[in-house]
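Read the structure below first, then the notes.
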Amino acid sequence: LVGLNSTLNACASCGLWNEALELLESMERSFGVKPDVRSYSSAMAALEPSGQFEKGLELLGKMKLEGVQPNKFTYSSLICACSKENRWEKALEVAEMMEAEGVVGDVVSYSALIDALGKGRQFERAEEVLEGMRIVKLKPNVITYNSLMNALGKAGKLEQASRLLRTMKKHGVKADATSYNSLISACAHNNAVTMAFEFLREMEARNIGVDIVTLNSALSVCMKAKTWKSAEKVFESFQERGIEPDIISYNTMLACYNQGKQWKRALVLLTSMEDRGVAPDLISYNCVLSVLDKNEKCQAALELLRLMSTSDSAPNPDVVSYSCILNCFKKTSRADEAVKLLKTMESEHGIKPNAYSYMAVIDACDRCGMSEEAAQLLEVMRLRRQEPD
RNA sequence: GUAGAUUUUUACUGCUC
């Protein structure tokens, strides 16, 4: 049983929810072992977004039928599953069930609930739960605060988020890198460049290790603020700090160049990331295609697209890649080429155009006085919208 | 010998403010 439970955990940490569920189902049949509360809880922890949460409730019902009593681990996993699916009402329901069954929550279950409520933008309820912890004499920890702080920041409530940083300090909970990373990321969403760099300095002053997520978040701040030059400074600081940029760092830097319309620099970075052993992915390429589109560099964009389709190491283009080029054709009034590419993207590459692709081509036709083609395409788009994916 | 919670990236769109 212990071995099987460990395997279930391994599935959970690798995101193999399907395997976890299958293993749980077959435990008794194949190994003659009845799943215990840990088995069920682990399987629930493996659940991923998109409808999996209902599965969790099923499992809960099943374990009760089998006479296995759910415990706080079971319920925390379930609350977490609700959070992943952005279902704060369900998370509250689960918490109520838990209480009704006399299962006493701990700091983890409370934190999970606060996280679920925060992600659902139910800040007052989240604060109430935080307050409730005090009543039952549970001390919120750094993760409890981080969960709420992150949610507040994402919702644009930067002031409240940084107030929470002071609150946790007051209660003797030391902020960690994740706390600051959330705040810096919040600055990105609120276009608060100055404050972001203040947080960065504060981390250093308090000896809280700046990590790769910190720097990536700082890059994201620069991207949102459209300041590619300060992004370059952050990017240079990776080396000074002995941190190797990862694919996210490069992609965010590319996004900064995209915002700043720096297509030449973007192309250089795309090459240099490859040289430094970080293989550009679809996001990297799409970002460069986007900046080429912004600068109306259709030819260069087409070449890059061709490279993506033919090279073994490059990712295959998707609908976003094609749409960038279609949009570029639109801006440069190259309706014929747009129509041609729209056809080949599906017929030769199996990529179904979306509404954005169609609209680019339709606009291109309009611009070039090809109103008949435009009307036809509009009709095709309407008809295809009814089709199942 | 086994289980649960928090942070970062792309064209457009949508959601929220």
Side-chain angles (χ1 to χ4, degrees), chain A residues 1-10 12-13 36-46 71-81 83-84 86 105-116 118-121 141-151 153-157 176-186 188-189 211-221 223-224 246-256 258-259 280-294 318-328 354-357 359-360:
Chain A
L1 179 63
V2 171
L4 288 168
N5 284 351
S6 299
T7 310
L8 280 169
N9 285 324
S13 47
D36 69 356
V37 60
R38 291 186 197 232
S39 323
Y40 282 102
S41 304
S42 299
M44 286 182 195
N71 62 13
K72 63 183 181 185
F73 290 90
T74 321
Y75 285 109
S76 310
S77 300
L78 263 181
I79 292 173
C80 182
S83 178
K84 283 179 193 153
N86 239 316
D106 62 5
V107 63
V108 176
S109 43
Y110 274 90
S111 302
L113 181 58
I114 288 173
D115 181 60
K119 290 207 162 71
R121 296 168 168 256
N141 65 16
V142 63
I143 298 184
T144 319
Y145 286 110
N146 287 351
S147 305
L148 186 53
M149 214 157 43
N150 180 47
K154 284 236 161 38
K157 299 178 186 297
D176 63 7
T178 300
S179 323
Y180 279 95
N181 293 346
S182 292
L183 286 168
I184 293 173
S185 162
H189 293 98
D211 62 17
I212 191 162
V213 176
T214 316
L215 296 182
N216 288 348
S217 305
L219 283 174
S220 168
V221 170
M223 183 200 75
K224 297 275 163 31
D246 63 5
I247 180 77
I248 296 184
S249 322
Y250 280 104
N251 286 352
T252 314
M253 190 63 229
L254 286 172
C256 293
N258 182 21
Q259 290 288 359
D281 63 6
L282 187 59
I283 294 181
S284 327
Y285 279 96
N286 284 350
C287 209
V288 177
L289 287 173
S290 172
V291 70
L292 290 170
D293 164 35
K294 281 199 177 72
D318 69 351
V319 64
V320 174
S321 326
Y322 278 94
S323 298
C324 282
I325 298 179
L326 292 173
N327 202 44
C328 195
N354 62 18
Y356 183 75
S357 330
M359 283 316 298

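Below, read A as the first sequence line, B as the second, and so on, with proteins coming before strands; counting in each chain starts at 1. What you see is a predicted model, and the numbers here were worked out from it, not measured in a lab.
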Output one line per pair: protein atom, nucleotide atom from nucleotides 5-8 of chain B, and distance, for all N/O pairs under 3.5 Å.
from	atom 1	to	atom 2	distance (Å)
B:A5	N1	A:N141	ND2	2.9
B:A5	N3	A:S111	OG	3.4
B:U6	O4'	A:S147	OG	3.3
B:U6	O2	A:N146	ND2	2.8
B:U7	O4'	A:S182	OG	3.4
B:U7	O2	A:N181	ND2	2.8
B:U8	OP1	A:K154	NZ	2.6
B:U8	O4'	A:S217	OG	3.3
B:U8	O2	A:N216	ND2	2.8

Between B:G1, B:G4, B:U9, which nucleotide has the shortest distance from any of its atoms to the side chain of A:V2?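 Shortest atom-to-atom distance from the side chain points to B:G1.
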Which of these nucleotides, B:A3, B:U9, B:U2, is closest to any side-chain atom of A:M223?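 Nearest listed nucleotide: B:U9.
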Within the structure shown, what part of the strands sits under 4.0 Å from A:M359 by heavy-atom distance: base, sugar-phosphate, or nothing?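 The residue A:M359 makes no contact with any strand.
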Tell me if a side-chain donor or acceptor on A:S83 pairs with a main-chain N or O of A:I79 at a distance below 3.5 Å.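 Checked: no pair found.
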Is a side-chain N or O of A:N258 found less than 3.5 angstrom from the main chain of A:L254, in a donor-acceptor match?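 Between the backbone of A:L254 and the side chain of A:N258 there is no qualifying donor-acceptor contact (under 3.5 Å).
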If we ignore angles and hydrogens, is there a donor and acceptor under 3.5 Å between the side chains of [X] and [Y]?
X: A:N216; Y: A:T252; answer: no
X: A:S323; Y: A:S357; answer: yes
X: A:N9; Y: A:S6; answer: no

Applying ring pair (Phe, Tyr, Trp, His ring centres under 6.0 Å), can you list everything that pairs with A:Y250, at least two apart in sequence or on another chain?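 If we apply the ring pair (Phe, Tyr, Trp, His ring centres under 6.0 Å) test to A:Y250, skipping adjacent residues, the hits are A:F235.
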Could you tell me which non-hydrogen atom of [X] sits nearest to which non-hydrogen atom of [Y], and how far apart they are?
X: A:S42; Y: A:A12; answer: O-CB, 4.0 Å
X: A:L219; Y: A:S249; answer: CD1-O, 3.6 Å
X: A:S109; Y: A:G105; answer: OG-CA, 3.2 Å

Measure the distance from [atom1] on [X] to [atom2] on [N] and round it to the nearest whole Å.
X: A:N71; N: B:U2; atom1: CG; atom2: C1'; result: 13 Å
X: A:N251; N: B:U10; atom1: CG; atom2: P; result: 9 Å
X: A:L254; N: B:U10; atom1: CG; atom2: P; result: 11 Å

A:F73 aromatic ring stacked with six-membered ring of B:A3, 5.5 Å and 30°: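 Stacking between A:F73 and B:A3: present.
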Go along nucleotides 11-17 of chain B 5' to 3' and tag each nucleotide: B for a protein heavy atom under 4.0 Å from its base, S when only backbone or sugar atoms are that close, - otherwise. BS---B-
Any residue meeting salt bridge (charged side-chain N to carboxylate O under 4.0 Å, His left out) with A:K119, in chain and number order, not counting sequence neighbours: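 Salt bridge (charged side-chain N to carboxylate O under 4.0 Å, His left out) check on A:K119 returns A:D115.
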Residues in side chain to side chain donor-acceptor pair (under 3.5 Å) with A:K157, at least two apart?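 None.
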Taking a pair as Watson-Crick (N1 to N3 plus N6-O4 or O6-N4) or G-U wobble (N1-O2 and O6-N3), both under 3.5 Å, which stems of 3 or more consecutive pairs involve RNA chain B?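 Looking at RNA chain B, no stem of three or more consecutive pairs is formed.
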